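The structure presented is a predicted model; accordingly, all values stated were derived computationally and were not measured.
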Amino acid sequence: MATFTESEASTPSSSSTSTTDHTTIGLILSKTDTIHSFLNSASSSNIPDILRQSELSLSSQQSLPYQSLRSIWTASDPNTRPSLSLLLRGSSFLFTSPRPRQKSEELKARLRKLEDLADRKAYAELVKDITPKEEPEPFSSYKDQLGFGRWLQFFNSFTFALIQI
């Protein structure tokens with residue numbers, strides 16, 4: 001059983017046969033004699049033309065995507081095709097990862113803005129003990145306004161009573 005590395009799956013070989021391109025995502029199989037003979041026999045069977053073209057391109061590669069092999073296997077005659085486990089026996093598997101998603105410029109700008117906001121908040125938390133306290137605006141709350149109103153009412157009543165005496 002030959003070893004099969006990611007570099008074999010993503011770089012073309014120097015010979016006339018090439019490996020799968022690096023845009024293939026998912027499970028990649030190394031080609032064995034069983035897979036090669038199945039692909040050759042599938043080209044002569046009654047499969048759709050699109051799968052036949054796919055089969056011809058796969059037969060010249062050292063490795064192939066599982067999805068393509070599975071679609072050819074499914075389309076071939078169930079009485080003549082080998083079992084899938086027999087077909088895959090001896091093949092090496094390689095899972096490829098999709099490329100990471102690229103962030104849009106709008107998202108990058110928003111992330112920078114949020115990072116700046118978080119930095120400012122962390123800095124304010126760090127220096128809260130040494131910065132001067134801001135005095136609240138007088139009568140900014142309902143409680144302050146109500147207290148002032150009661151005091152004003154008491155003062156007016158006291159002043160009226162003093163004048164009357």
_Could you report the tightest heavy-atom contact between Ser91 and Ser30, atom names first, then the distance?_
OG-O, 2.6 Å

*For Leu84, side-chain contact (heavy atoms from CB on, under 4.5 Å) partners two or more places apart*: Tyr66, Arg70, Trp73, Leu87, Leu88

*Cluster overlap Ile130 with Tyr123, hydrophobic side-chain contacts below 4.5 Å*: yes

*Kindly indicate whether the side chain of Ile28, heavy atoms from C-beta on, has any atom under 4.5 Å from the side chain of Leu64.*
no

_Presence of salt bridge, Arg112 and Asp116, under 4.0 angstrom_ = no

*Using a cut-off of 6.0 Å, state whether more than 12 heavy atoms not belonging to Asp33 lie near its atom CG.*
no

*What are the two closest non-hydrogen atoms of Lys108 and Lys103, and how far apart are they?*
CE-O, 3.5 Å

*Would you give the length of the straight line joining atom OG of Ser104 to atom CZ of Arg110, rounded to the nearest 0.5 angstrom?*
10.5 Å

*asked:* Measuring only between side-chain heavy atoms, which start at C-beta, is Gln67 closer than 4.5 Å to Leu27?
replied: no

*Linking I/L/V/M/F/W/Y whenever their side-chain heavy atoms sit closer than 4.5 Å, directly or via other members, would Leu29 and Leu86 fall into one cluster?*
no

*In Å and rounded to the nearest 0.5 Å, what is the CG to CG distance from Asp119 to Leu126?*
11.5 Å

*Enter the distance from Asn156:CG to Phe154:CZ here, rounded to the nearest 0.5 Å.*
11.0 Å

*asked:* Within this structure, what is the CG-CD distance for the pair Leu111 and Glu106, rounded to the nearest 0.5 Å?
replied: 10.5 Å

